[in-house]
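One structure is given here, and the rest of the page talks about it.
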Amino acid sequence: MTPLEVIFWIASAVILISAIMMVTRRNLVHAALFLIVTLFGVAVYYVLLEASFLAVVQILVYIGAIAILVIFAVMLTRQVTNPGQLFNKHASLALVMSILVFIGLYLALSVWPEFSAVAPEADTAAAISNLGTAFFVEEDGQPVYLLATMTASVLLLIPLVGAIFVARQKE
Amino acid sequence: MIPLSNYLIVAAGLFSIGLYAVLARKNAIMILMGIELMLNAVNINLVAFWRYLTPENVSGQVFAAMVFVVAAAEVAVGIALIMTVYRRRDTVSADEINLMKW
Amino acid sequence: MDINLLTSILFTPLVGALIIALLPGKNKKTTRIVALVVSLISLVMAIILWVGFDGAVANADGLKFAQEFVWYEAINSTFYVGVDGLSMTMVLLTTLLTPFAILASFSITDRVKAYMALFLFLEVGMLGVFMSQDLLIFFVFWEIGLVPMYFLINQWGSPKGERKLWGGITVANRTYASFKFMIYTMAGSLGLLLAIQMLGVVFHTFNLPEIVAGWNAMGGEEIILGWVTVATAKKVAFWAFAIAFAVKVPIWPFHTWLPDAHTEAPTAGSMILAGVLLKLGAYGFLRFVLPLYPAEAAASANIIAGLATAAIIFGAFAAFGQKDFKRLVAYSSVNHMGFVLLGIAAAAKMAGTEDAVIALNGAVLQMFNHGLSAAGMFFLVGVIYERIHTRDLDEMGGYFPLVPIYGGILIFVSMASLGLPGLNGFVSEFLVVRGSWPIFTFWTALSMIGLLFTGAYVLKGIGKTLHGPVNEKHSDHLTEINKRELFVIVPLMVMMLWLGVWPGWLLDVINKASMALLEMLG
Amino acid sequence: MELTNLIIWLIPLPPLLAFFFIVLFTNKNNKLSHSIAVGGAGLSFLGAMYVFYQALTTNHFAEHPFGNAITWLNLGDKPFEIGVMIDPLSAIVLFFVAITVLMIFIYSIGYHNYGQPKGDHDKKGFPPHGAAQDGHTVLSIEPMYARFFAFIGLFAFGMFTLVVSDNLLTLFVGWEIMGLCSYLLIGFWFGKDSAKNAAKKAFMTTRVGDVFMLLGISYLFTEAGTLSFKAIFTEEMISHLAHADSYIPGLSVAGLAGILLFIGTVGKSAQFPLHVWLPDAMEGPTPVSAMIHAATMVSAGVYMVIRMFPLLQAGGHGELTTAMTVLAVIGSITALFAATIAVAQNDVKRVLAYSTISQLGFMVAALGIGAYVAAVFHLVTHAFFKALLFLGSGSVIHGMEHGVLHTGNHKVDPQDMYNMGGLSKKMPKTFWTFLIGGFALSGFPLITAGFWSKDEILADAFANGHMGVFWTLAIAAFLTAFYTMRQITLTFLGKARTKEAEHAHETPATMTTPLIVLAIFAIGFGWVGVPEHFPGIGGILPNWFHDFIAHGLPSFIHFETIHFSWTPLITSLVVALGGLLTGWLVYRNATTAENDPIKKLLGPVHTLLKNKYYFDELYDKVLVKPLAVFSEKVVYEFMDRKVIDGFLHKVAELTFSLGTIFREKFDLPVINEFFGDGTAAMTQWFGEKIRKIQSGNIQQYMIIAVLGAFVALFAFWMTLN
């Protein structure tokens with residue numbers, strides 16, 4: 001057991017348990033808090049995987065923005081606590097299906113030759129700068145992901161405008 | 001060393017849990033949160049594949065970054081929709097939002 | 001693609017029909033005037049065409065004012081219109097009669113808009129048949145002509161009378177007549193369509209001159225379509241064509257639709273039916289049967305001549321046996337069209353001789369003449385019918401003193417129909433008899449019985465309406481022919497007299513066309 | 001020459017223009033109408049006289065007749081020409097036609113009571129009934145006065161056209177126009193059923209001949225390639241036609257064409273057996289009878305056949321050809337046959353009608369035996385005296401009508417000779433002129449024209465040895481004289497047998513003047529043709545007529561000069577004088593129709609004659625009625641309605657029942673109920689079941705979707721495993 005493995009197992013446990021907790025909470029604020037915990041676990045994963053940029057983004061965007069947004073939504077809809085049934089009538093079927101999907105995923109992945117691959121050595125320090133370069137800088141005169149970046153920005157902008165439009169209180 | 005399979009299995013589990021939230025919870029906000037879980041599961045996979053299979057190539061991380069963008073947009077729109085429905089119908093229960101039948 | 005004069009003549013009535021369809025229907029007067037004006041525009045253009053006809057340059061197929069553009073590329077059908085002397089004569093007849101028929105139908109008050117639109121549509125169909133040089137286009141127009149006529153008879157026909165059919169079924173006369181007209185002609189057209197398709201498949205074109213040239217280049221033993229010899233195919237196709245046209249002419253014994261349709265149609269419908277529609281069949285023989293199947297036509301000429309004689313004789317007898325004035329006139333068409341057929345048969349048999357040219361001249365002139373006189377006769381019957389609402393000759397009589405002008409006109413037109421020398425009918429009948437005599441001596445001699453009885457039924461018509469003591473039954477309602485009606489009949493009378501005294505202006509054109517046609521055959 | 005040709009072209013036109021003018025413009029104005037008509041006839045008369053004068057004074061006229069032609073049509077490459085031609089024959093015919101037509105026109109003014117008041121009860125279509133004036137009933141004007149002049153104008157146009165034609169086609173045009181006019185004029189009083197039927201009969205009977213004639217024209221045109229007289233009557237053409245075989249064995253083309261054309265004459269000139277229309281034609285006004293019998297129609301028939309003489313004699317070389325034999329036989333039969341009927345008629349006009357038929361038979365028979373000049377001569381003289389007789393009889397009838405109106409007894413038939421008698425004193429002008437006409441008809445020796453022409457026919461027949469024809473015609477001539485004298489005696493001589501006859505009145509000058517003019521010609525015209533060898537007076541006057549006419553024939557036809565013989569001369573003297581004398585002796589004391597001396601003498605034969613050998617009845621039974629029944633019942637009702645339509649209906653019925661069977665046995669149960677309705681029901685059932693899935697619950701949908709995802713994953717695993 002290397003320290004890294006220990007961290008991994010702890011993180012895995014946190015992710016899975018808090019996810020289950022989130023799903024089963026009656027109080028939506030609690031559920032949101034468990035979501036945050038789960039997301040934090042995922043951020044730890046990113047660190048373990050040496051994707052430090054993404055880990056930071058995970059914390060900033062997800063925990064800092066999305067989770068807060070969700071909590072606001074919970075507050076605004078005044079549905080903090082669900083008075084009636086927590087799950088719908090297909091809940092048991094849904095559980096079966098979810099487990100089936102998990103099994104399916106496992107089976108499908110398990111037959112893949114790279115399933116148990118081991119991480120190669122890599123210069124992960126250079127990865128961040130490589131990422132930045134790939135996003136914005138031309139390489140051999142070709143901006144590799146510039147178009148994708150721009151598209152993503154627009155993609156983000158338009159739904160936000162749309163969201164405002166949809167949610168606008170009509171007179 | 002941690003093999004790739006570990007990450008994948010956890011991601012699969014996370015995905016299934018999120019799926020269960022989407023399929024079974026009545027509250028629309030909970031469904032939205034389930035979707036977030038699923039997206040995170042996907043992201044874990046993307047990053048894990050990048051690290052284990054093609055660490056020299058940045059595209060795995062770029063994909064993950066794209067998923068972030070999609071997730072943010074999705075939440076924004078989703079919540080706006082939920083707010084609207086709530087204002088109209090005074091509920092966010094997915095059971096009751098069933099006008100699109102027949 | 002520029003639109004030439006011929007095409008304009010063809011489509012002017014169509015435009016007119018559309019205009020009428022778009023006009024508000026309440027103003028009947030406007031509708032009538034528009035229809036009349038449109039048909040007059042066509043007439044004026046046709047006259048311009050006629051005047052310029054002699055000087056116009058013919059194309060390689062011998063057609064003047066020709067226009068051709070691709071219509072349906074996949075099967076190589078082109079919109080090919082053009083006229084030679086035969087078509088020109090018929091185009092002139094059609095455009096001439098239509099305004100008069102429209103003027104004659106000013107007395108129609110029921111659904112004027114639909115009526116006039118249908119009428120103009122009918123003109124398009126007829127003109128199209130006379131102008132088409134492409135078999136497919138021809139067939140389209142051929143069928144187009146049917147539809148308006150069906151509705152004219154069915155909707156505006158005489159409302160009285162029923163006919164008993166089998167099994168106690170009783171239908172209104174006009175329903176019966178229109179149905180018979182439609183089904184009979186359609187049945188004839190079926191073979192025609194098949195034969196046209198066969199030609200299209202063999203030659204990969206529907207262009208008539210090309211097909212004629214193609215046929216002529218083929219030997220009789222050549223196999224076409226993979227299994228049939230040219231000779232057999234020609235024989236079958238000949239009969240398919242001949243029967244389609246025979247029904248339309250109509251040749252005895254395919255004629256029984258005619259008296260029914262003519263009798264039940266509204267006055268203007270009968271005018272056009274007798275004046276132009278019957279000519280479609282005869283024209284079909286000249287334009288399609290003779291050039292496409294000269295040998296077969298020559299071989300079957302005896303049969304056709306025999307049937308034509310039967311039409312002449314039995315048509316005259318049947319006309320003489322009528323009590324219904326309009327039916328009498330209708331049967332006279334059978335009688336007169338028999339002469340057309342006799343002339344055509346003679347020309348088919350002996351193409352290349354002088355007799356054939358004379359016979360063909362006579363036949364074509366007879367087509368034109370019959371168009372004038374039959375239209376005139378039907379109109380006059382209509383005039384009297386509109387007043388006294390009966391066509392029964394036994395209920396008329398002695399009207400001459402009451403309606404002297406009408407009476408004089410009736411005698412005049414009857415005499416033209418009878419073939420009195422000095423009026424139009426004589427010239428053509430004489431030419432037909434002269435041309436057929438050396439070729440079908442026996443049939444021609446026999447047909448004189450028909451000519452004799454032509455006199456009998458014409459005199460019966462005049463005698464039963466005008467002469468004798470006044471029949472008081474309906475005479476109160478009888479009023480003199482009015483101005484509008486005079487406008488219809490007087491130009492026709494002038495044409496009759498003109499053609500009787502000086503047929504040269506028309507016959508010269510026909511003569512050249514006949515010679516060209518027969519040269520091609522012989 | 002140019003002027004003459006132009007005038008020839010113009011001769012027919014004035015009456016035609018008069019016709020159109022009257023019909024279109026002046027029909028309301030009686031005076032203007034008759035002025036135009038008479039003026040038109042006058043212009044034609046002047047033109048005709050000018051042309052006739054030119055013909056007389058032109059040297060070598062016979063070799064170079066007047067006339068020219070224009071292209072009327074193009075048939076193939078050949079032009080078809082029509083034109084005018086005046087040769088000796090047409091010149092002489094034009095001469096008498098113009099005179100008689102003008103006289104008849106003038107006469108009509110008086111005949112139709114111009115200047116008299118309108119009748120009180122007169123209706124269009126009926127003869128005038130008289131009008132009340134100053135307490136008397138007087139003659140009233142014809143209600144369709146203007147129309148009459150229009151019609152006779154057209155009639156004259158037809159005749160002039162026929163005469164000036166240089167070809168058979170335009171001749172036929174004039175011929176048929178006259179047919180129409182005869183129809184219109186015989187049926188002038190169309191309100192009367194008898195007139196209507198007579199008109200129809202006249203038209204139809206002559207049309208029988210006409211259609212044969214049309215065939216003859218076509219045949220001739222076919223064989224000769226032309227219809228121009230000049231072109232046909234050349235030696236080569238005639239010899240060609242005479243030697244070409246026709247469709248009938250033993251008959252040359254010329255013979256067959258000639259016979260076909262002659263049948264036209266049989267119809268038009270009322271030869272046996274198509275004579276039946278002519279007596280009935282008396283239904284028309286009397287000027288019309290004169291027009292038809294003298295000036296125009298029947299003369300036209302004979303004119304045509306005379307015109308065709310070169311064709312008829314073709315191939316005969318002086319002997320009788322088949323065609324000529326036919327003519328001779330038909331002509332002789334007609335002459336005798338009609339004369340016998342005339343003997344038994346009491347109607348003043350009907351006697352004349354049969355005499356016309358008979359005299360036309362003379363002409364035809366004369367032509368048949370080759371007596372060309374004699375035939376023409378008789379045609380001309382007959383035209384004059386027959387016009388005279390008809391107009392005279394019209395004058396008599398008119399006078400009688402006057403009497404009838406005076407007494408008011410409308411039962412008295414003003415045309416029945418037994419109602420007359422003693423009119424010579426009442427109507428002297430009419431009497432004397434009628435007497436001249438009657439004597440001319442009888443062939444009263446030396447002074448009358450009829451004698452010279454009839455004598456020439458008999459002489460010709462005798463000289464050429466046609467004894468059958470000779471004796472037949474001699475008997476006919478005797479009968480002619482007899483019935484003529486019978487007529488004169490009954491009408492004019494003796495005492496008035498009825499009150500009406502006592503009150504008869506001479507007719508106005510418009511009627512009597514034409515009578516006098518025609519009487520002059522009826523006497524004088526005979527003197528232009530006195531044979532040179534005639535004992536006593538032969539050679540005093542040159543036989544101008546013979547020279548003039550005979551030279552008109554193509555030079556290749558030769559005539560042998562007839563040697564004088566006493567037999568025919570004596571015969572014609574005996575029959576003429578004997579007939580007249582017998583007639584007078586038998587009838588001078590006749591009283592009523594029942595006591596007719598001939599009737600007693602002949603008994604049942606008289607009934608046969610009186611009923612015209614029952615020809616009308618025979619035709620009616622054998623032809624007219626059966627054909628009417630045949631038309632209506634057999635052709636129309638049986639053939640068309642029953643057989644042809646019946647067949648069509650059977651086809652329709654079969655199709656209809658086939659359709660019904662298809663519908664009821666196949667469409668309804670199989671297609672509709674099984675395939676159609678079955679499919680629909682199944683779909684509906686399935687839809688009912690499956691619609692429950694469509695709950696609108698998204699989560700439910702997703703569960704199903706996820707199931708799909710699982711299946712996909714599982715399948716992936718299965719394939720790779």
Side-chain angles (χ1 to χ4, degrees), chain C residues 165-167 180 183-184 253 255-256 259 314 317-323 331 354-355 357-358 361 398 400-401 404 408 411 415 420-422 426-427 429-431 433-434 437-438 441 444-445 448-449 451-453 455-457 459-460 463 466-470 502-504 507-508 511 514-515, chain D residues 23 27 71-78 123-125 169 172-177 179-180 183-184 187 190-193 195-196 199-200 203-204 207-208 211-212 214-215 217-219 221-222 225 247 627-628 630-637 639-641 643-645 648-650 652-653 656:
Chain C
L165 299 180
W166 64 89
K180 198 171 177 182
I183 294 297
Y184 218 145
H255 67 284
T256 54
F314 293 131
F317 273 124
F320 183 58
Q322 294 306 320
K323 290 197 175 71
Y331 266 110
E354 191 199 1
D355 302 323
V357 175
I358 296 175
N361 280 343
F400 207 170
I411 291 176
M415 287 300 148
L420 186 82
F426 170 70
V427 185
E429 267 170 30
F430 173 70
L431 292 178
V433 170
R434 157 67 187 88
W437 169 263
T441 310
T444 312
M448 288 300 116
I449 299 173
L451 207 54
L452 179 65
F453 267 77
Y457 69 70
L459 294 197
K460 179 176 176 175
L466 299 179
H467 293 166
V470 179
W502 197 256
L507 204 57
D508 271 357
N511 188 40
S514 302
M515 285 206 294
Chain D
V23 166
N27 53 40
T71 301
W72 192 48
L73 295 175
N74 282 307
L75 294 175
D77 304 323
K78 284 193 200 163
K123 271 191 283 188
K124 286 185 177 177
L169 192 76
F172 191 66
V173 171
W175 180 279
E176 285 285 288
I177 287 173
L180 168 69
Y183 171 73
L184 293 174
F190 51 78
K192 296 197 293 182
D193 266 330
K196 174 181 144 185
K200 230 190 280 185
F203 195 89
M204 286 313 297
R207 198 171 165 86
V208 173
V211 295
F212 283 101
L214 186 64
L215 282 186
I217 295 175
S218 297
Y219 192 27
F221 192 5
T222 307
Y247 304 101
L627 280 174
F630 177 73
S631 297
E632 191 177 339
K633 303 287 178 207
V634 179
V635 175
Y636 177 58
E637 284 178 6
M639 230 161 66
D640 275 14
R641 296 293 284 243
V643 178
I644 297 177
D645 269 2
L648 293 178
H649 289 174
K650 271 277 169 283
E653 192 183 344
F656 190 76

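Within every chain, numbering begins at 1; the chains are lettered A, B, ... in the order of the sequence lines, protein sequences first and strands thereafter. A quick note: this is a predicted structure, and the numbers were derived from the prediction, not measured.
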Bottom line for L459(C): the part with an atom under 4.5 Å from chain D's heavy atoms is both
Honestly, the part of M415(C) sitting under 4.5 Å from a heavy atom of chain D is side chain
**Item:** Atom OH of Y184(C) with >12 non-hydrogen neighbours under 6.0 angstrom
**Value:** yes
Output for pair (K180(C) NZ, L648(D) CG), nearest 0.5 Å, gives 6.0 Å
The interface call for Y247(D) against chain C, heavy-atom contacts under 4.5 Å, is side chain
Rounded to the nearest 0.5 angstrom, the CH2-CG distance for W72(D) and L507(C) is 8.5 Å
So, the part of Y183(D) with a heavy atom under 4.5 Å from chain C: the answer is side chain
Review point. If we only count heavy atoms from C-beta on, is the F400(C) to K124(D) side-chain gap below 4.5 Å?
Key: no
Taken to the nearest 0.5 Å, the spacing of M448(C) CE from S218(D) OG works out to 6.5 Å
Under 4.5 Å to a heavy atom of chain C? For A652(D) that would be both
In terms of heavy-atom pairs under 4.5 Å with chain C, the winner among K196(D), E176(D), R207(D) is R207(D)
Per-residue tally against chain C (heavy atom, under 4.5 Å) across V211(D), V634(D), T222(D) peaks at T222(D)
Turns out that what part of K633(D) lies under 4.5 Å from chain C's heavy atoms comes down to neither
Value for CG (L169(D)) from CZ (F430(C)), rounded to nearest 0.5 Å, stands at 4.5 Å
If you tally heavy-atom pairs under 4.5 Å between each of A195(D), G76(D), G187(D) and chain C, the highest tally belongs to G76(D)
Turns out that what part of Y331(C) lies under 4.5 Å from chain D's heavy atoms comes down to side chain
Heavy atoms of F453(C) and L627(D) approach each other most closely as CZ-CD1, 3.4 Å
Ranking A319(C), G422(C), A318(C), P259(C) by heavy-atom pairs under 4.5 Å to chain D gives rank one to A318(C)
Okay, D77(D) and chain C: the region with an atom under 4.5 Å from a heavy atom over there is both
Interatomic distance, CG@L73(D) vs CG@N511(C), rounded to 0.5 Å, equals 8.5 Å
d(I358(C) CD1, L75(D) CG) to nearest 0.5 Å is 5.0 Å
Sorted by chain and residue number, the side-chain contact (heavy atoms from CB on, under 4.5 Å) partners of L184(D) (sequence neighbours excluded) come out as I411(C), F151(D), L180(D)
_Contact check, side chains of Y219(D) and P438(C), non-hydrogen atoms, under 4.5 Å_ = no
The interface call for V427(C) against chain D, heavy-atom contacts under 4.5 Å, is side chain
Donor on one side chain, acceptor on other, D640(D) and T256(C), under 3.5 Å = no
Shortest non-hydrogen pair, F314(C) vs V635(D), comes out as O-CG1, 3.4 Å
Among G408(C), G455(C), G504(C), G398(C), the residue with the most heavy-atom pairs under 4.5 Å to chain D is G455(C)
Applying a strict 4.5 Å limit to non-hydrogen atoms, the region of F426(C) in contact with chain D is side chain
When the 4.5 angstrom heavy-atom criterion is applied to Q322(C) and chain D, the contacting part is side chain
request  = Could you label the plane-to-plane angle of the F630(D) and F317(C) rings as parallel, tilted or perpendicular, counting under 30° as parallel and over 60° as perpendicular?
outcome  = perpendicular
Discussion item. With a 3.5 Å distance limit and no angle check, can you tell me whether R434(C) reaches the backbone of L214(D) through a side-chain donor-acceptor pair?
Written reply: no
query: Can you find a side-chain donor-acceptor pair between D508(C) and N74(D) that sits under 3.5 Å?
result: yes
Scored by heavy-atom pairs under 4.5 Å with chain C, the best of M639(D), E637(D), K650(D), K192(D) is M639(D)
- With no hydrogens and no angle check, do the side chains of D193(D) and H467(C) hold a donor and an acceptor under 3.5 Å apart? no
From the list S514(C), P469(C), A456(C), the residue making the most non-hydrogen contacts under 4.5 Å with chain D is P469(C)
When the 4.5 angstrom heavy-atom criterion is applied to L165(C) and chain D, the contacting part is side chain
Of the listed L452(C), L420(C), T444(C), V357(C), the one with the largest count of heavy-atom pairs under 4.5 Å with chain D is L452(C)
Taken in chain and number order and not counting sequence neighbours, the residues that satisfy salt bridge (charged side-chain N to carboxylate O under 4.0 Å, His left out) with K123(D) are none
When the 4.5 angstrom heavy-atom criterion is applied to I449(C) and chain D, the contacting part is neither
